[in-house]
Amino acid sequence: QVQLVESGGGLVQAGGSLRLSCAASGRTFSSYGMAWFRQAPGKEREFVARISGNGGSIYYADSVKGRFTISRDNAKKMMYLQMNRLKPEDTAVYYCAAGLSGRAYWRASDPMHWGQGTQVTVSS
């Protein structure tokens with residue numbers, strides 16, 4: 001079992017940057033793949049990025065590729081999402097997730113543990 005808590009959201013102007021953090025508890029953090037999802041008002045939760053347990057495999061949604069960077073620190077049981085060149089369409093609640101699926105691009109319907117989410121708002 002793993003519990004997840006996100007932080008780092010906020011209000012930023014278009015073109016700016018934010019760094020999200022996800023703190024995990026539990027003894028088997030490095031066994032889990034980790035991911036970021038986001039959900040905008042009136043839209044379905046969508047995949048943003050995923051990182052494997054040892055950090056060796058990383059995948060991004062096309063919409064964030066080249067602007068966002070996912071990383072993890074297993075010793076600290078932390079995961080991060082560095083978001084640069086933010087756009088108004090990046091506005092959403094961002095969720096971190098832990099799962100065991102070997103699929104490259106996770107779906108929100110896949111079984112996984114979720115955090116409570118952190119709001120990111122990008123103004124134009």
Side-chain angles (χ1 to χ4, degrees):
Q1 189 77 359
V2 59
Q3 287 78 45
L4 305 170
V5 178
E6 303 94 334
S7 61
L11 173 64
V12 64
Q13 289 189 331
S17 298
L18 279 176
R19 188 194 196 204
L20 304 184
S21 298
C22 175
S25 63
R27 294 182 293 176
T28 58
F29 177 71
S30 61
S31 299
Y32 285 90
M34 299 292 295
W36 290 97
F37 284 76
R38 65 187 182 186
Q39 188 166 18
K43 295 188 176 182
E44 294 186 350
R45 193 170 297 189
E46 66 174 3
F47 171 85
V48 174
R50 176 172 102 74
I51 187 168
S52 61
N54 63 6
S57 297
I58 290 176
Y59 308 92
Y60 295 100
D62 287 343
S63 58
V64 306
K65 202 172 294 183
R67 299 188 298 122
F68 291 11
T69 302
I70 189 172
S71 62
R72 66 188 295 165
D73 184 333
N74 285 345
K76 297 181 179 179
K77 297 183 182 179
M78 296 289 295
M79 178 181 66
Y80 307 99
L81 186 68
Q82 178 65 43
M83 304 185 295
N84 298 329
R85 291 184 282 135
L86 282 160
K87 305 175 181 180
E89 50 263 45
D90 294 318
T91 294
V93 177
Y94 282 70
Y95 297 90
C96 73
L100 299 174
S101 171
R103 187 167 37 232
Y105 300 94
W106 290 358
R107 298 175 298 201
S109 58
D110 290 339
M112 63 187 81
H113 304 281
W114 293 97
Q116 84 289 348
T118 186
Q119 176 70 47
V120 171
T121 302
V122 185
S123 63
S124 57

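Residue numbers run from 1 in the order of the sequence given.
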For residues 7-26, which side-chain donor-acceptor pairs fall under 3.5 Å, sequence neighbours excluded?
from  : atom 1 : to    : atom 2 : distance (Å)
Ser17 : OG     : Asn84 : OD1    : 2.9
Ser25 : OG     : Gln3  : OE1    : 2.9

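Take Lys43 and apply the salt bridge (charged side-chain N to carboxylate O under 4.0 Å, His left out) test, not counting sequence neighbours, and it matches no residue. Partners of Thr121 under the side-chain hydrogen bond (donor to acceptor under 3.5 Å, both in side chains) rule, at least two apart in sequence or in another chain, are Gln119. With sequence neighbours left out, the side-chain hydrogen bond (donor to acceptor under 3.5 Å, both in side chains) criterion links Ser52 to Asn54. Remark: Glu46 engages Arg38 in a salt bridge (charged side-chain N to carboxylate O under 4.0 Å, His left out) (not counting sequence neighbours).
Closest of all the heavy-atom pairs between Leu81 and Ala49 is CD1-CB, 4.5 Å.
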- Task: Show your reasoning for whether side chain to side chain contact (heavy atoms under 4.5 Å, CB included) applies to Tyr60 and Val48.
- Result: CA-CA 6 Å; Tyr60 295 100; Val48 174; 5.9 Å; no
- Item | Trace of the side chain to side chain contact (heavy atoms under 4.5 Å, CB included) decision for Thr28 with Val2 | CA-CA 8 Å; Thr28 58; Val2 59; 5.8 Å; no
- Query: Passes side chain to side chain contact (heavy atoms under 4.5 Å, CB included), Leu86 versus Phe68? Steps please.
  - Reply: CA-CA 9 Å; Leu86 282 160; Phe68 291 11; 3.8 Å; yes
- Message: I'd like to know whether Gln82 forms a side chain to side chain contact (heavy atoms under 4.5 Å, CB included) with Ile70, so could you lay out the CA-CA distance, the side-chain angles of the two residues, the decisive distance to 0.1 Å, and finally the verdict.
- Response: CA-CA 6 Å; Gln82 178 65 43; Ile70 189 172; over 6 Å; no
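Residues Val5 and Met79 fall into different hydrophobic clusters, defined by Ile, Leu, Val, Met, Phe, Trp and Tyr side chains chained together at heavy-atom separations under 4.5 Å.
Counting only residues at least two apart or on different chains, no disulfide bond (SG atoms under 2.5 Å apart) pair has a member in residues 45-92. Screening residues 72-89 for salt bridge (charged side-chain N to carboxylate O under 4.0 Å, His left out) gives no qualifying pairs among residues at least two apart or on separate chains. For residues 96-109, every residue pair satisfying the salt bridge (charged side-chain N to carboxylate O under 4.0 Å, His left out) rule, not counting sequence neighbours, is listed here: Arg103-Asp110, Arg107-Asp110. Residues in residues 34-77 take part in no disulfide bond (SG atoms under 2.5 Å apart) pair, two or more places apart or across chains. Sorted by first and then second residue, the salt bridge (charged side-chain N to carboxylate O under 4.0 Å, His left out) pairs with a member in residues 114-124 form an empty list; sequence neighbours excluded.
The closest side-chain heavy-atom distance from Met83 to Val120 is below 4.5 Å.
A donor-acceptor pair under 3.5 Å is formed between the side chain of Arg50 and the backbone N or O of Ala104. Between the side chain of Glu6 and the backbone N or O of Gly117, at least one donor-acceptor pair lies under 3.5 Å.
In this structure, the separation between OH on Tyr94 and OG1 on Thr118 is 10.5 Å, given to the nearest 0.5 Å. To the nearest 0.5 Å, atom OG of residue Ser71 and atom CD1 of residue Ile51 are 6.0 Å apart.
Other cluster members for Tyr80: Met78, joined by side-chain heavy-atom distances under 4.5 Å among Ile, Leu, Val, Met, Phe, Trp and Tyr. Tyr95 forms part of a hydrophobic cluster together with Phe37, Phe47, Tyr59, Val93, Tyr105, Trp106, Met112, Trp114, judged by ILVMFWY side-chain heavy-atom separations under 4.5 Å.
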